[in-house]
*Asks:* 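First the structure, which I've put down as structure tokens, then a few questions once you've had a look.
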Amino acid sequence: MKNNVIIKAENLTKIYKVGETQVVALKNVSQTIMRGEFLAIMGPSGSGKSTFMNIIGCLDRPSEGKYYLEGTEVSSLDKNTLARIRNKKIGFIFQTFNLLPRTTALENTELPLIYANIPSKKARELAMRALQAVGLDGREFHRTNQLSGGEQQRVAIARALVNNPSLLLADEPTGNLDTKTGAEILEIFKRLNEEERKTIILVTHDPEIASFARRRVFLRDGKILKEEKE
């Protein structure tokens, strides 16, 4: 059973200092996430869901508590080690796509492999395969400004997948897309989870989007309010 635990968060608390004031963004949050889960983190603005995602994604550290990723406590590691973990183990998909302008879909997808010092021929082969997996055959050499919003988000998913990470983190991934295109993107996540057993954590405030996940955790005022499971 332990080998199937990908994330274990124990009493995570995050306190930000704003001037002389302390803001508690997360308070004693504990959560175990199994390999192959599709989990939605839900809550209104200010609920703590983005803070929780930033800690899980090794973008931030908790003020208190411990966070284990695949059995390794990462909550107290230095910045360089965290950067290596992010590159190898975590794929990020954001609302704003975060693609480099004036570069092709293929070049954007290759980026994590370049940072990982993968030889260029192998990097291109892996990037092409990732783009094909998200339905972008024939669009590999189109530049960012030649792609629709949905195609840009598919490139972002391909880039997140290209290193074969242990975990995909998607923060409001359909926020800049129309309803139809957003549903297509969510179907990609669903397929990746069901067919390839990818572990996916989706952060959203929208119940309709969260319904694609098989388990939902609701945050409010930095604490877990309730959970739902199919």
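Starting from 1, each residue takes its place in the sequence as its number. Because the structure is predicted, anything quoted here is derived from the model rather than measured.
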*Asks:* Would you give the length of the straight line joining atom OG of Ser211 to atom CD of Glu228, rounded to the nearest 0.5 angstrom?
*Replies:*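 Going from the OG atom of Ser211 to the CD atom of Glu228 covers 10.5 Å.
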*Asks:* Show the nearest heavy-atom pair for residues Pro173 and Ala170, with the distance to one decimal.
*Replies:*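 Smallest heavy-atom distance, with atoms named: CG-CB, 3.8 Å.
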*Asks:* Under 3.5 Å, which donor-acceptor pairs link side chains of residues 25-42 to any protein atom two or more places apart or in another chain?
*Replies:*
residue, atom, partner, partner atom, Å
Asn28, OD1, Thr13, OG1, 3.4
Ser30, OG, Asn11, N, 2.8
Ser30, OG, Asn11, OD1, 3.4
Gln31, OE1, Arg215, NH1, 2.5
Gln31, OE1, Arg215, NH2, 3.2
Gln31, NE2, Glu227, OE2, 3.3
Arg35, NH1, Glu70, OE2, 3.1
Arg35, NH2, Glu70, OE2, 3.4
Glu37, OE1, Arg215, NE, 2.7
Glu37, OE1, Arg215, NH2, 3.4
Glu37, OE2, Met34, N, 2.9
Glu37, OE2, Arg215, NH2, 3.1

*Asks:* Assigning hydrophobic clusters by single linkage (Ile, Leu, Val, Met, Phe, Trp, Tyr; side-chain heavy-atom cutoff under 4.5 Å), is Leu202 placed with Met53?
*Replies:*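 No, because Leu202 and Met53 fall into different hydrophobic clusters, even though each may have its own neighbours under 4.5 Å.
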*Asks:* Are Met128 and Val155 in one and the same hydrophobic cluster, where Ile, Leu, Val, Met, Phe, Trp and Tyr link if side-chain heavy atoms are under 4.5 Å apart?
*Replies:*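 Same hydrophobic cluster.
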*Asks:* Which distance, rounded to the nearest 0.5 Å, do you find between the CG of Leu131 and the CD of Glu110?
*Replies:*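 Separation between the atoms: 9.0 Å.
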*Asks:* Any chain of hydrophobic side-chain contacts (each under 4.5 Å) joining Phe141 to Leu99?
*Replies:*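 Phe141 and Leu99: one cluster.
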*Asks:* Within a strict 4.5 Å, meaning less than it, do heavy atoms of the Asp206 and Thr174 side chains meet?
*Replies:*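 In short, these two side chains do not touch, never coming nearer than 4.5 Å.
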*Asks:* May I ask you to check whether Arg214 and Asn193 show a side-chain donor-acceptor distance below 3.5 Å?
*Replies:*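 Distance-only check passes for Arg214 and Asn193.
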*Asks:* Closer than 3.5 angstrom, by distance alone: can the side chain of Asp171 be matched with the main-chain N or O of Ser50 as a donor-acceptor pair?
*Replies:*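 No, because the side chain of Asp171 does not come within donor-acceptor range (under 3.5 Å) of the backbone of Ser50.
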*Asks:* Is any side-chain heavy atom of Thr144 less than 4.5 Å from a side-chain heavy atom of Leu100?
*Replies:*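 Thr144 vs Leu100: side chains apart.
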*Asks:* Is there a chain of hydrophobic side chains (I, L, V, M, F, W, Y, each step under 4.5 Å between heavy atoms) that links Val217 to Ile209?
*Replies:*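 Val217 does not cluster with Ile209.
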*Asks:* Under the salt bridge (Lys or Arg N to Asp or Glu O under 4.0 Å) rule, what do Lys121 and Glu125 come out as? Steps first, then yes or no, please.
*Replies:* CA-CA 6 Å; Lys121 185 178 178 183; Glu125 178 188 316; over 6 Å; no
*Asks:* Apply side chain to side chain contact (heavy atoms under 4.5 Å, CB included) to residues Ile90 and Leu69 and explain how you reach the verdict.
*Replies:* CA-CA 10 Å; Ile90 304 170; Leu69 177 61; 4.2 Å; yes
*Asks:* Minimum heavy-atom separation for Lys89 and Pro165, please, with both atom names.
*Replies:*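 Minimum heavy-atom separation between Lys89 and Pro165: O-CB, 3.4 Å.
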*Asks:* Given Glu187 and Arg191, is the salt bridge (Lys or Arg N to Asp or Glu O under 4.0 Å) satisfied, shown in steps?
*Replies:* CA-CA 6 Å; Glu187 285 293 343; Arg191 176 177 57 78; over 6 Å; no
*Asks:* Keeping the roles fixed (side chain from Lys198, backbone from Leu192), state whether a donor-acceptor pair exists under 3.5 Å.
*Replies:*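 Side chain of Lys198 to backbone of Leu192: no pair is present.
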*Asks:* Could you tell me if the side chain of Phe92 sits less than 4.5 Å from the side chain of Leu59, heavy atoms only?
*Replies:*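 A side-chain contact under 4.5 Å exists here.
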*Asks:* Quickly, which of Asn108, Asn145, Thr109 forms a side chain to side chain donor-acceptor pair (under 3.5 Å) with Thr103? Name it, please.
*Replies:*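 The side chain to side chain donor-acceptor pair (under 3.5 Å) with Thr103 is passed solely by Asn108 among Asn108, Asn145, Thr109.
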*Asks:* Under a 4.5 Å cut-off applied to non-hydrogen side-chain atoms, are Glu107 and Arg102 in contact?
*Replies:*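 A side-chain contact under 4.5 Å is absent here.
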*Asks:* Is the backbone of Leu111 close enough, under 3.5 Å, to the side chain of Arg159 for a donor and an acceptor to pair up by distance?
*Replies:*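 No, because the side chain of Arg159 does not come within donor-acceptor range (under 3.5 Å) of the backbone of Leu111.
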*Asks:* Are the side chain of Gln153 and the backbone of Glu151 linked by a donor-acceptor contact shorter than 3.5 Å?
*Replies:*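 Flag not set: sc Gln153 to bb Glu151 has no pair under 3.5 Å.
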*Asks:* Using every non-hydrogen atom in the two residues, find where Gly65 and Leu12 come nearest and quote the distance to one decimal.
*Replies:*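 Smallest interatomic distance, heavy atoms only, reads C-CD2, 4.0 Å.
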*Asks:* Looking at every non-hydrogen atom in both residues, tell me the closest pair between Ala158 and Val134 and how far apart they are.
*Replies:*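 Closest approach of Ala158 to Val134: CB-CG2, 4.0 Å.
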*Asks:* Looking only at non-hydrogen atoms, find the nearest pair between Arg139 and Ala105 and report the distance.
*Replies:*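 That closest heavy-atom pairing would be O-CB, 3.7 Å.
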*Asks:* Could you measure the distance from the OG1 atom of Thr181 to the CD atom of Glu184? Nearest 0.5 Å is fine.
*Replies:*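 Nearest 0.5 Å value for the OG1-CD distance: 5.5 Å.
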*Asks:* Same cluster or not: are Val203 and Leu167 linked, directly or through other Ile, Leu, Val, Met, Phe, Trp or Tyr residues, by side-chain heavy atoms under 4.5 angstrom apart?
*Replies:*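 In one cluster with Val203: Leu167, yes.
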*Asks:* Between Ile6 and Ser166, what is the shortest heavy-atom contact and its length?
*Replies:*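 That closest heavy-atom pairing would be CD1-O, 3.2 Å.
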*Asks:* If you measure from CG on Asn163 to CD1 on Ile118, what distance do you get to the nearest 0.5 Å?
*Replies:*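 It comes to 6.5 Å.
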*Asks:* For Asp178, does the CG atom have more than 12 heavy-atom neighbours from other residues, nucleotides or ligands under 6.0 Å away?
*Replies:*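 More than 12 heavy atoms, drawn from other residues, nucleotides or ligands, come within 6.0 Å of this atom.
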*Asks:* Under a 4.5 Å cut-off applied to non-hydrogen side-chain atoms, are Tyr67 and Ile7 in contact?
*Replies:*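 The answer is yes, as the side chains (C-beta and beyond) meet within the 4.5 Å cut-off.
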*Asks:* From Leu82 CG over to Ser76 OG, what is the distance, rounded to the nearest 0.5 angstrom?
*Replies:*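 Reported to 0.5 Å precision, the distance equals 9.0 Å.
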*Asks:* What do the steps show when you test Glu230 against Arg216 for side chain to side chain contact (heavy atoms under 4.5 Å, CB included), and what is the final call?
*Replies:* CA-CA 9 Å; Glu230 290 181 2; Arg216 291 166 286 282; 3.7 Å; yes
*Asks:* Between Asn176 and Phe94, does a side chain to side chain contact (heavy atoms under 4.5 Å, CB included) hold up when you go through it step by step?
*Replies:* CA-CA 10 Å; Asn176 283 344; Phe94 297 102; over 6 Å; no
*Asks:* Take a 6.0 Å sphere around CD of Gln132 and say whether it holds more than 12 heavy atoms from other residues, nucleotides or ligands.
*Replies:*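 It does: Gln132 CD has more than 12 such atoms within range.
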*Asks:* Just so I know, are the side chains of Tyr16 and Asp60 near enough to count as touching, which here means a heavy-atom distance under 4.5 Å?
*Replies:*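 With C-beta onward as the side chain, the pair touches.
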*Asks:* Could you name each residue pair satisfying ring-ring contact (aromatic ring centres under 6.0 Å, His included) that touches residues 184-216, not counting sequence neighbours?
*Replies:*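 Counting only pairs at least two positions apart or across chains, no ring-ring contact (aromatic ring centres under 6.0 Å, His included) contact touches residues 184-216.
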*Asks:* Does any N or O in the side chain of Ser75 come within less than 3.5 Å of the main-chain N or O of Lys66, such that one atom is a donor and the other an acceptor?
*Replies:*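 Answer holds: no.
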*Asks:* Nearest 0.5 Å, please: how far is CD1 in Ile93 from CD1 in Ile201?
*Replies:*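 One finds 11.5 Å between CD1 of Ile201 and CD1 of Ile93.
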*Asks:* Would you check if the side chain of Arg124 reaches a backbone N or O of Leu106 as a donor-acceptor pair within less than 3.5 Å?
*Replies:*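 Between the backbone of Leu106 and the side chain of Arg124 there is no qualifying donor-acceptor contact (under 3.5 Å).
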*Asks:* Kindly indicate whether the side chain of Lys49, heavy atoms from C-beta on, has any atom under 4.5 Å from the side chain of Glu172.
*Replies:*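 Yes, close enough: below the 4.5 Å cut-off.
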*Asks:* Give a yes or no answer on whether the side chain of Lys14 reaches the backbone of Arg61 with a donor-acceptor pair at less than 3.5 Å.
*Replies:*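 Checked: pair present.
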